[in-house]
Structures are given as structure tokens and as C-alpha cells.
Protein chains: 2
Amino acid sequence: METSRPFARVLEQLRKADLRPTRQRLALAKLLFENGYRHITAEALHEEAAAADVRVSLATVYNTLHQFTEAGLLREIVVDGTRSYFDTNTSDHHHFFHEVSGRLEDIAAEQIVVSELPPAPSGTTVARVDVIIRVTEDTQ
Amino acid sequence: METSRPFARVLEQLRKADLRPTRQRLALAKLLFENGYRHITAEALHEEAAAADVRVSLATVYNTLHQFTEAGLLREIVVDGTRSYFDTNTSDHHHFFHEVSGRLEDIAAEQIVVSELPPAPSGTTVARVDVIIRVTEDTQ
DNA sequence: TGGGAAGTTTAGAATCATTATAAACTTCTT
DNA sequence: AAGAAGTTTATAATGATTCTAAACTTCCCA
């Protein structure tokens with residue numbers, strides 16, 4: 001686990017990405033990376049910030065989530081037309097998506113074997129392979 | 001190919017789903033199913049209808065796409081936060097998603113082998129497994 | 001060390017896909 | 001042929017996200 005000094009990593013990544021370590025970015029990074037992996041929406045992070053007395057506008061939350069995604073600190077997941085999720089786990093892995101609750105759950109890369117991928121269409125390069133297992137809560 | 005009489009199927013499915021075969025539904029079905037598989041957005045289908053002199057409101061296009069999806073005539077694909085695609089190919093298969101152009105391309109089920117799926121979280125049932133290979137156009 | 005350039009944040013407006021509303025219209029059944 | 005049920009539609013509403021432009025910070029170097 002390299003979570004021991006979460007900020008060292010964040011600071012370094014911000015530097016790499018030419019993003020100034022502002023109060024807002026650092027506070028959001030703290031919320032995002034301090035406690036294990038999570039899947040969070042912009043709105044939810046904004047509320048969490050408010051609850052933690054961090055004053056940040058929703059626009060900044062959106063900007064920051066996108067900048068962190070570009071910098072490789074987050075991964076954006078689209079499974080549901082109504083909102084985007086941001087995953088703090090950027091390593092290779094997949095997801096269960098609970099269609100009723102809207103919850104996402106990680107699946108470690110080793111738990112799914114995708115073999116025999118077809119070649120990428122000519123003139124293109126594979127950016128990512130997403131496997132989403134959509135599950136529904138059993139009625140009973 | 002069972003495309004020889006596309007309407008027999010549509011009519012039957014509409015009947016099964018308790019949907020009246022209205023002028024609008026039939027016209028949209030014709031546009032959707034008459035020429036091989038396609039991936040289309042509501043907006044695009046609405047424009048196509050207009051171009052074909054079929055008068056349908058956008059609200060009806062949305063309603064119809066959702067009803068057809070429930071009836072199993074279409075499959076909804078979410079790969080991009082900004083719009084939903086509807087796929088006229090409802091058989092088991094996967095997709096390439098061209099991130100730049102927003103285009104979707106089918107991958108036959110046999111071309112990808114997903115083995116060793118983890119068990120669905122308890123209390124849930126797998127509704128579908130989506131594999132999306134995101135590709136980017138090579139710059140060059 | 002101070003001042004300006006560059007980068008950042010923000011409130012609020014704008015956008016855009018989608019959904020809701022409720023009145024007018026069709027279709028079905030008898 | 002008539003009423004009930006189902007549909008369509010224009011229009012308004014919603015909600016997530018992005019834009020704008022002004023105020024604010026941070027950085028840099030003379």
C-alpha cells in the first residue's frame with residue numbers, strides 16, 4: 001500500500017501536470033485519496049467538501065475531477081447516462097454496476113480474463129478495455 | 001438473415017409488448033430495422049425521420065426508443081456521458097468505441113472470450129456483461 | 001521584495017440531453 | 001358509433017455539466 005503518504009503522490013502528480021497546488025485541489029485530493037478506493041460523482045464530492053467545511057464551488061469540483069483524470073490520478077467511468085463517476089483506483093480493473101442503486105464495485109483485473117481481443121480497427125489504438133457487469137438486485 | 005420481413009417481427013414484438021402499432025412506431029421501426037444493424041441516438045433518429053418526411057416529435061422518438069428497448073428490439077448503450085446510443089443488434093456482442101468520433105462498432109461475441117467471471121455479488125443477478133474497447137484515432 | 005503575468009476560482013448564466021405534463025388525438029372494443 | 005384506453009405532441013421542466021468573465025492567488029524574476 002502506498003497510501004502512507006497520499007500527499008507526496010498528489011503533489012508530485014500536480015507538479016507533473018503543471019497544476020498549482022491550490023487550497024481547493026489539495027483539499028479535494030485529501031477527500032478523494034485519504035481513505036481507500038472510491039467511486040464518486042462531482043455532486044457527491046461537492047457535498048462531502050461542504051460537510052468537511054471545505055469551501056469549493058461545484059465548478060471547481062468539476063474542473064478538478066477532470067484535471068485529476070487527465071493527470072492520471074482518477075479514472076472516469078460512464079455506466080449511466082445521468083452522471084459520471086470518478087474512480088480513485090486507476091489500476092487495471094473492472095466493475096460491477098448495480099443498476100438499481102447506481103453503485104459501482106471494483107473487480108480486480110485478475111478476476112476476469114479477457115482473452116482473444118480482436119485487433120483494434122486500423123488507424124486506431126486501444127486506449128482502454130472496460131468490462132462492466134451489470135447486476136440487478138434480486139426481488140424476493 | 002431474418003431481415004426479409006422486418007415488419008413481421010416488429011409487429012409481433014409490439015403485440016407481445018402491448019404496444020399499439022401506431023403510424024409513428026411503425027415508421028420508426030422501419031427506419032431502425034430496415035437496413036442492417038445500427039447504433040443511433042434519439043436526436044439522430046429524429047432527424048432521419050424528418051428527412052424521410054415522417055412527422056414525429058422528439059418526445060415520441062425517446063418514448064419509442066425506450067419502449068423498443070424494453071420490448072427487446074433494441075439495446076441501449078452508454079459509453080459517453082453526453083448521449084445514449086441504441087443498438088439494433090440485440091444479440092450478445094460487444095463494442096469498439098471511437099472516442100474521438102463518438103462512433104460505435106460491433107464486435108461479434110465470438111471475437112472476445114471473457115472467462116472466469118467472478119460471481120455476482122450475493123443477492124444480485126447478472127443482467128448483462130458489457131465489454132467496451134475504447135480506441136483513439138492515431139494521430140499521424 | 002513587489003508587481004505583473006499567468007493560472008485559478010467562483011457565482012451565475014447557458015447548454016443540452018432527457019423527462020414530465022396535460023391537452024388533443026388515435027385506436028380498440030363492444 | 002361511443003367511450004375507454006393508449007398515444008402523441010408542444011411545451012415546460014429538470015438536472016448534470018460547461019461556459020463566462022470578473023475577482024482572486026500564485027508564481028516568477030527584476
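The shown structure was predicted, so the numbers you read here are calculated from the model rather than taken from an experiment. The chains referred to below are lettered A, B, ... by the order of the sequence lines, with proteins before strands, and numbering in each begins at 1.
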(request) Could you state the atom-to-atom distance from CG of B/L58 to C1' of C/dA20 in whole Å? (result) 14 Å
(message) Expressed as a whole number of angstroms, how long is the span from B/Y85:OH to C/dT18:P?
(response) 10 Å
(request) Using atom CD of A/E47 as one end and atom P of D/dG15 as the other, report the distance to the nearest whole Å. (result) 13 Å
(message) Any heavy-atom pair between the side chains of A/D130 and B/V131 that's under 4.5 Å?
(response) no
(request) Round to the nearest Å and state the distance from A/E43 atom CD to D/dT17 atom C1'. (result) 10 Å
(message) Suppose we call two aromatic rings close when their centres sit under 6.0 Å apart. Are A/H66 and A/F86 close by that rule?
(response) yes
(request) Report yes if a donor N or O on one partner sits less than 3.5 Å from an acceptor N or O on the other, where the partners are the side chain of A/R20 and the base of C/dT8; otherwise report no. (result) no
(message) Looking at D/dT7, I'd like to know if its phosphate oxygens (OP1 or OP2) sit under 4.0 Å from a side-chain N or O belonging to B/R25.
(response) yes
(message) Nearest to the side chain of B/N63, heavy atoms from C-beta on, is which of D/dT7, C/dA17, D/dT8?
(response) D/dT8
(request) Round to the nearest Å and state the distance from B/Q24 atom CD to D/dA10 atom C1'. (result) 14 Å
(message) If you compare every side-chain N and O of A/T22 against the phosphate oxygens of D/dT26 (OP1, OP2), does one of them come in below 4.0 Å?
(response) no
(message) Please classify the nucleic acid contact of A/S84 as base, sugar-phosphate, or nothing, using heavy-atom distances under 4.0 Å.
(response) sugar-phosphate
(request) Send over the distance from A/R83 CZ to C/dT19 P, rounded to a whole Å. (result) 13 Å
(request) Pick base, sugar-phosphate or nothing for B/T82, based on heavy-atom distances below 4.0 Å to the nucleic acid. (result) sugar-phosphate
(message) Before you tell me yes or no, could you show the steps for A/D106 and A/H95 under side chain to side chain donor-acceptor pair (under 3.5 Å), namely the whole-Å CA-CA distance, both residues' side-chain angles and the distance that decides it to 0.1 Å?
(response) CA-CA 5 Å; A/D106 283 349; A/H95 296 94; 3.0 Å; yes
(request) Could you tell me whether a side-chain N or O of A/H93 sits under 3.5 Å from a main-chain N or O of A/A108, the two making a donor and an acceptor? (result) no
(message) Do B/F33 and B/L74 have side chains that approach each other closer than 4.5 Å (heavy atoms only, starting at C-beta)?
(response) yes
(request) Would you indicate whether the side-chain heavy atoms of A/T64 and A/V56 approach each other to under 4.5 Å? (result) no
(request) List in numerical order all residues of residues 66-79 of chain B for which some heavy atom is under 4.0 Å away from an atom belonging to DNA chain D. (result) none
(request) Rounded off to whole Å, could you give me the OH-to-C1' distance for the A/Y62 and D/dC19 pair? (result) 14 Å
(request) Determine: side-chain N/O of A/T60 to OP1/OP2 of C/dT9, distance under 4.0 Å, yes or no. (result) no
(message) What I want to find out is whether A/E76 reaches A/R128 closely enough, with some N-O distance under 4.0 Å, to be called a salt bridge.
(response) no
(message) If I take atom CZ in residue B/R23 and atom C1' in nucleotide D/dT7, what distance separates them, rounded to the nearest angstrom?
(response) 11 Å
